[in-house]
Each structure stands twice: as C-alpha cells, then as structure tokens.
Amino acid sequence: MAARALLLGALCASAVLPVHSFTSYDNDFVDPHYVLARNFNATTMLAQQAIISTAEQLATKGPWSVTFKNITPPSGDLHDYMSWAPYSWPDCSKAGNTTVLTPEQIWTTCPYVTRDGQFNPDARLVDDVGSFSDLADAVFYNAIAWAIDGQAAHAASAASFLQTWFIESDTGMNPNLNYAQMERGPSGQMGSHEGVLDLKCMAKIASGILILREGNATQWTADLDTQMKNWTTQYIGWLENANLAIQESKAANNHGTYYFNQLAALQIIVGNLDGARGTLDRYYKGQFLSQIAANGDQPLESARTRPYHYRAYNLAAMITNARLAAYLSYSAWNLTSSAGATVQDALNYAMVQSPGTESASEIYPDVAAVAAAYGDPSGTYASFLLKQAGTAYVEDPAFLWDQPLSDNGLVQVTPTSTPSFGAASSATASATGGSGAKTSAESPQDSGAGSWRDTGASILGAFVLAAGSFIYLL
Ligand SMILES: *[C@@H]1O[C@H](CO)[C@@H](O)[C@H](O)[C@H]1NC(C)=O
Ligand SMILES: *[C@@H]1O[C@H](CO)[C@@H](O)[C@H](O)[C@H]1NC(C)=O
Ligand SMILES: *[C@@H]1O[C@H](CO)[C@@H](O)[C@H](O)[C@H]1NC(C)=O
Ligand SMILES: *[C@@H]1O[C@H](CO)[C@@H](O)[C@H](O)[C@H]1NC(C)=O
Ligand SMILES: *[C@@H]1O[C@H](CO)[C@@H](O)[C@H](O)[C@H]1NC(C)=O
C-alpha cells in the first residue's frame with residue numbers, strides 16, 4: 001500500500017473536519033473491565049475523541065421520559081411505554097362512520113391492516129422507541145466518555161438520564177411493554193409481541209451502568225443503584241412471564257436473538273449472572289442452532305424484503321450475545337449452528353453479498369466486531385473496511401472496543417495528545433460540530449419494525465478536533 005501521510009497540525013477549536021458518519025447499532029455491549037482498565041491502544045485516540053464528542057452532543061438532548069409524549073396509552077397512564085406498529089394502516093371503509101373522523105377516532109375505530117414494508121409516518125407521533133434509543137446512547141457514550149477522561153459531567157449525565165427515565169415518580173416508566181407496537185383499531189389496543197424488540201438497547205444501558213458501578217463513579221449512588229435494580233427486577237418479571245414477552249422469546253429470527261440479549265443484559269444489571277448465562281444458553285441451544293446455514297447464510301433473514309440489512313441486523317444481535325457471554329465467561333464465539341457454522345461464517349457470507357439498493361455500511365460494525373473477536377491474520381477484514389469505509393473508520397466510536405481489529409494495520413495513528421483521565425477539561429473534543437450523534441435524515445426503511453429508528457441502526461456523527469496533531473500512516 002502506498003504510504004501516505006496526512007498531517008493535521010494544531011487545529012483550533014472551531015476547526016471542523018469533514019463529517020464522517022458510521023452505522024451504529026442500537027444493540028451492543030462493551031466489557032466494563034476493558035473500558036475501566038483504560039489500557040487503550042494509541043490507534044484508538046480518534047475513536048476516544050469521537051466518543052467524548054458524541055456523549056456531549058447527546059447530553060444536550062436529554063433527559064427523556066415516556067411521560068413526555070403527547071398521546072396517552074389506552075391504559076390512561078402516561079407512564080406506560082407506548083409505540084405503534086409501523087406498517088399498520090387504517091381502513092376506514094369498513095368503519096361505518098357517516099362523518100369524517102378525527103385522528104384520535106381513526107386510531108381506535110377504523111380496522112388496521114398491515115402493509116408490509118410500507119411505513120406509516122404517523123407511527124412517529126408516539127416516539128417512545130426513539131427516546132429510548134437516544135437515552136441508551138446517551139448513557140452508553142457518557143459512561144464510556146467518563147471512563148476515558150474522568151469528567152464528572154459525563155457520569156452525572158448518564159446517572160440523571162437513567163433516574164429520569166426509570167426512577168423518578170413523575171417521569172418513570174412502568175416496568176412493562178403492554179403497549180409496544182400496538183396495531184391500533186378496535187382489536188389493536190394492546191401491544192404486539194414484536195414490540196418487545198423496542199427495548200433492544202438494554203445491552204447498551206447495562207454497559208453504561210456496569211461502567212459507572214464498577215468504576216465507582218460517585219454520581220452512581222447506592223440509592224440509584226438499588227432503585228435501578230428494583231425497577232429491573234420488576235421488568236424482568238414482565239419479560240419472563242407476560243404473554244407478549246413469551247411469544248417474542250419463541251421468535252426464530254432476529255426477534256428471538258434480541259429477546260435473549262435484552263433479558264441477559266437485565267439479569268446482569270441486577271447481578272444475576274447465573275441467570276444471564278442460562279438465558280444465553282437458551283439462545284445457543286435454541287434459536288441459534290437454526291439461524292446459520294452451512295455456507296454462512298442466515299435463511300430467515302435472507303428471506304426478508306431487505307436481506308442485506310436483516311443479515312447485518314441479526315449479526316449485530318448475535319455479536320452482542322457473544323459479547324455478553326464473554327463478560328460472563330461463557331465462551332460463545334466458537335459455538336456452531338446445527339449446520340456447523342459460526343458467527344464468523346455468517347459474517348463472511350454476509351459481507352460478500354451485494355447490497356443492491358440497500359446501505360452497504362450496515363455490515364461495517366459487524367465486520368469490525370468479528371475481526372476483533374476472531375483475529376484478522378490475513379488482513380481480510382481490515383482491507384474490507386479500508387476499501388469500503390476508508391481510513392476514517394478509526395473515528396468510529398466502536399473502534400475503541402473492536403480491538404485488536406488488525407495487526408496488519410488498518411491504520412496507525414501517532415498521537416501527540418490523548419484524552420487523559422482526570423484532565424482539567426475535555427479540550428480534545430467539542431460538542432459544537434459534527435452532525436449530531438444520530439440523524440433522522442435517513443428515509444424510512446423496511447426493517448420489519450419500521451423506520452430508520454427500528455432498523456436498530458443509527459448514524460453516529462463526526463467530531464471536532466480541538467488541539468493536537470495526528471499523523472495517519474497508511
Ligand atoms: C369516515 O372517516 C374517514 C376518516 O376520517 C373519512 O375518510 C371518511 O370520508 C369518513 N366517511 C364518511 C362517510 O364521512
Ligand atoms: C471500586 O471500589 C471497589 C471497592 O472499594 C474496589 O475494589 C475497586 O477496585 C474499585 N474500582 C475502581 C475501578 O476503582
Ligand atoms: C421497588 O419499587 C416498587 C414500585 O415502584 C416500590 O413499591 C418498592 O417500595 C420498591 N422497593 C424498594 C426496595 O425500593
Ligand atoms: C476458538 O477456538 C480456538 C481453538 O480452541 C481458539 O484458539 C480461539 O481462540 C477460539 N476463538 C474465539 C473467538 O474464542
Ligand atoms: C496497537 O495497534 C497496532 C496496530 O493494529 C498494533 O500493531 C499494536 O500491536 C497494538 N499495540 C498493542 C499494545 O496492542
């Protein structure tokens with residue numbers, strides 16, 4: 001590879017680098033021990049800065065609460081989480097009305113029909129799902145940012161956002177998903193089992209809590225820890241016993257994969273590590289066995305309307321399951337499906353399929369995660385990322401924990417300044433630039449669950465370089 005050196009010297013605080021956006025899944029888990037050890041390779045410096053910048057941008061958007069929505073759930077209790085099934089459309093021709101109905105009347109009196117893949121934009125009049133996704137990212141990135149630079153503000157943001165969403169009596173969420181992905185109409189005033197997927201971000205929340213807890217953040221008080229465990233225990237009861245949740249636990253495809261990592265993450269939050277191992281064991285001895293064919297295809301995902309997305313999306317959940325398992329000393333990466341294939345085989349298949357009209361970038365986080373877990377002795381994964389995502393991939397926050405991504409050198413960065421723990425201020429990053437941690441600019445996508453929100457993928461923004469100079473050697 002031709003050597004090329006790019007020197008960015010002493011940029012001032014207002015200098016904004018070109019925006020690089022990367023797909024980031026709502027579902028991920030980072031081992032708190034790795035983050036808290038702070039023994040980061042210098043090649044991750046730009047990723048560290050991207051994390052801090054992302055954390056600061058997200059912190060300006062919070063807090064979030066299910067009680068902030070403008071539409072009241074059928075229970076009459078704003079504290080109930082609520083979302084509407086994204087492909088559900090009213091058919092008022094059979095409603096028998098003689099006058100035009102108000103939107104509220106349509107939601108309850110017109111029968112709703114499913115038009116697969118066609119997103120009904122009014123589903124976002126209720127956006128608890130988007131709020132929860134933003135909350136999870138805010139908690140996740142602020143906890144990691146705190147571990148990186150030790151700034152109390154990051155830990156305080158994460159703690160207070162959790163307090164608002166889960167604990168406060170006036171804003172807290174009831175521990176159930178009885179009204180998630182409601183189909184609406186006369187027979188759709190309860191949630192559907194697919195709605196359980198709405199809380200797929202729980203593994204990120206668990207990561208954030210573990211970092212604050214195990215890192216002894218003073219902002220993570222004993223009282224908050226107790227109350228969070230209390231809420232989580234109650235919600236686990238719902239997730240293990242409610243009919244909707246039990247149906248979701250039996251889903252053969254990505255819904256099943258996500259169900260188990262949500263439950264395992266919650267069990268880790270309450271310290272039930274044996275329970276979490278058992279939960280993941282149910283997945284590996286259940287759905288996992290039928291999810292990967294001998295050639296690495298995921299037939300249940302390939303059969304969908306957007307196969308490239310769905311393969312990448314289920315891979316993201318399988319990766320999170322394996323990361324949770326690793327935290328629990330349960331070795332899962334080498335486990336094979338009934339056909340003898342591993343998660344790596346699934347990735348190897350998915351990454352060489354043509355994306356067609358779909359977004360090729362959805363596979364990048366999976367490629368990086370698999371490269372980190374299994375190694376990349378021939379440089380296949382690093383070359384793929386270099387070719388497809390470019391050298392800027394080292395600015396993806398996930399590059400911090402997808403290590404060692406490669407020894408053949410996706411990129412080598414010679415830092416002159418690294419965010420240092422406990423420094424006076426986060427001079428290395430600023431919240432003023434970039435595209436924001438997440439953008440809704442993407443068009444609605446067929447995810448099986450709906451819009452860009454429900455693909456479980458978001459676009460992480462760029463960051464601002466404030467000081468320091470970096471040499472990329474490629
Ligand atoms: C019934 O309500 C729908 C939705 O408001 C409206 O489109 C339709 O025209 C109404 N039917 C009559 C006969 O007014
Ligand atoms: C947190 O506190 C515990 C108990 O005092 C201690 O054993 C542990 O090393 C601390 N962890 C960190 C990351 O400081
Ligand atoms: C746990 O939460 C429930 C419901 O909010 C409450 O009634 C109970 O007192 C809490 N228990 C503890 C130990 O905080
Ligand atoms: C898979 O098993 C091999 C052989 O035991 C081992 O060397 C390797 O580290 C394992 N890979 C992962 C990702 O655990
Ligand atoms: C840091 O990353 C580079 C590039 O991948 C690698 O060559 C080096 O061995 C890594 N250093 C450590 C301490 O892991």
Side-chain angles (χ1 to χ4, degrees), residues 29-40 88-113 120-122 125 143-152 154-155 158-159 184-186 188 207-222 224-225 271 277 280 284 288 292 296 315 318-337 340-348 366-378 380-381 401-407 420-422:
F29 180 81
V30 181
D31 191 324
H33 306 135
Y34 169 72
V35 175
L36 290 168
R38 299 183 189 94
N39 186 24
F40 304 128
S88 223
W89 294 80
D91 177 5
C92 297
S93 66
K94 294 171 188 152
N97 56 302
T98 51
T99 55
V100 169
L101 301 172
T102 65
E104 288 79 3
Q105 289 170 324
I106 291 173
W107 301 338
T108 53
T109 59
C110 296
Y112 272 67
V113 293
N120 184 345
D122 85 352
L125 294 173
I144 299 171
W146 171 75
I148 291 171
D149 70 9
Q151 294 301 308
H154 301 313
R184 291 186 278 171
S207 258
I209 289 173
L210 292 176
I211 290 166
L212 298 176
R213 183 192 287 159
E214 296 181 18
N216 303 322
T218 53
Q219 295 77 11
W220 188 253
T221 61
L224 183 50
D225 197 59
R277 274 182 214 105
L280 292 170
Y284 287 113
F288 176 72
I292 313 173
L315 267 164
M318 292 196 289
I319 286 163
T320 298
N321 285 359
R323 286 178 159 164
L324 288 162
Y327 173 76
L328 298 162
S329 305
Y330 178 126
S331 180
W333 290 110
N334 275 335
L335 294 178
T336 54
S337 66
T342 63
V343 170
Q344 184 175 28
D345 294 323
L347 184 275
N348 290 346
D366 298 335
V367 173
V370 163
Y374 295 87
D376 188 20
S378 60
T380 308
Y381 302 126
W401 54 92
D402 286 331
Q403 293 296 326
L405 176 55
S406 169
D407 286 336
S420 60
F421 187 78

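The figures that follow rest on heavy atoms only: side chains count, while hydrogens, waters and symmetry mates do not. Counting convention: from 1, in listed order, for ligands and their atoms alike.
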Measure the distance from [atom] to every protein heavy atom, then report the residue, atom name and distance (to 0.1 Å) of the closest one.
atom: atom 5 (O) of ligand 1; answer: Leu101 N, 2.9 Å
atom: atom 2 (O) of ligand 1; answer: Asn97 ND2, 2.4 Å
atom: atom 13 (C) of ligand 4; answer: Ala373 O, 3.3 Å
atom: atom 9 (O) of ligand 1; answer: Val100 CG2, 4.3 Å
atom: atom 3 (C) of ligand 4; answer: Asn334 ND2, 3.4 Å

For the residue pair [X] and [Y], what are the closest heavy atoms and their distance?
X: Trp146; Y: Gly215; result: CH2-O, 3.2 Å
X: Ala143; Y: Ala158; result: N-CB, 4.4 Å
X: Leu405; Y: Ala371; result: CD1-CB, 3.2 Å

Contact (N/O only, under 3.5 Å) between Ile106 and ligand 1: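 In this structure, Ile106 places no N or O atom under 3.5 Å from an N or O of ligand 1.
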Ring center gap for Trp401 and Tyr34 short of 6.0 angstrom: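 They do not qualify: ring centres at least 6.0 Å apart.
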Location of contacts on Asn216 toward ligand 2, heavy atoms closer than 4.0 Å: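 The side chain, only.
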Donor-acceptor pair, side chain of Ser207 and main chain of Val30, under 3.5 angstrom: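 Yes, Ser207 side chain to Val30 backbone: donor-acceptor pair under 3.5 Å.
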Residue part near ligand 1, for Thr99, under 4.0 Å between non-hydrogen atoms: backbone
Distance flag for atom 11 (N) of ligand 4, protein heavy atom under 4.0 Å: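 Neighbour list for atom 11 (N) of ligand 4 includes protein heavy atoms (cut-off 4.0 Å).
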Protein non-hydrogen atom found under 4.0 Å from atom 7 (O) of ligand 2: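 No; the ligand atom in question lacks any protein heavy-atom contact below 4.0 Å.
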For Glu214, atoms of ligand 2 separated by under 4.0 Å from a heavy atom: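 Near Glu214, meaning under 4.0 Å from one of its heavy atoms, ligand 2 has 11 (N), 12 (C), 13 (C).
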Heavy-atom side-chain proximity of Tyr381 to Asp366 below 4.5 angstrom: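 Tyr381 does not reach Asp366 side chain to side chain.
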Residue that, paired with Cys110, satisfies side chain to side chain contact (heavy atoms under 4.5 Å, CB included) out of Ser93, Pro186, Cys92: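 The single option meeting the side chain to side chain contact (heavy atoms under 4.5 Å, CB included) with Cys110 is Cys92.
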Residues Asp31 and Arg323 bridged, charged N to O under 4.0 Å: no
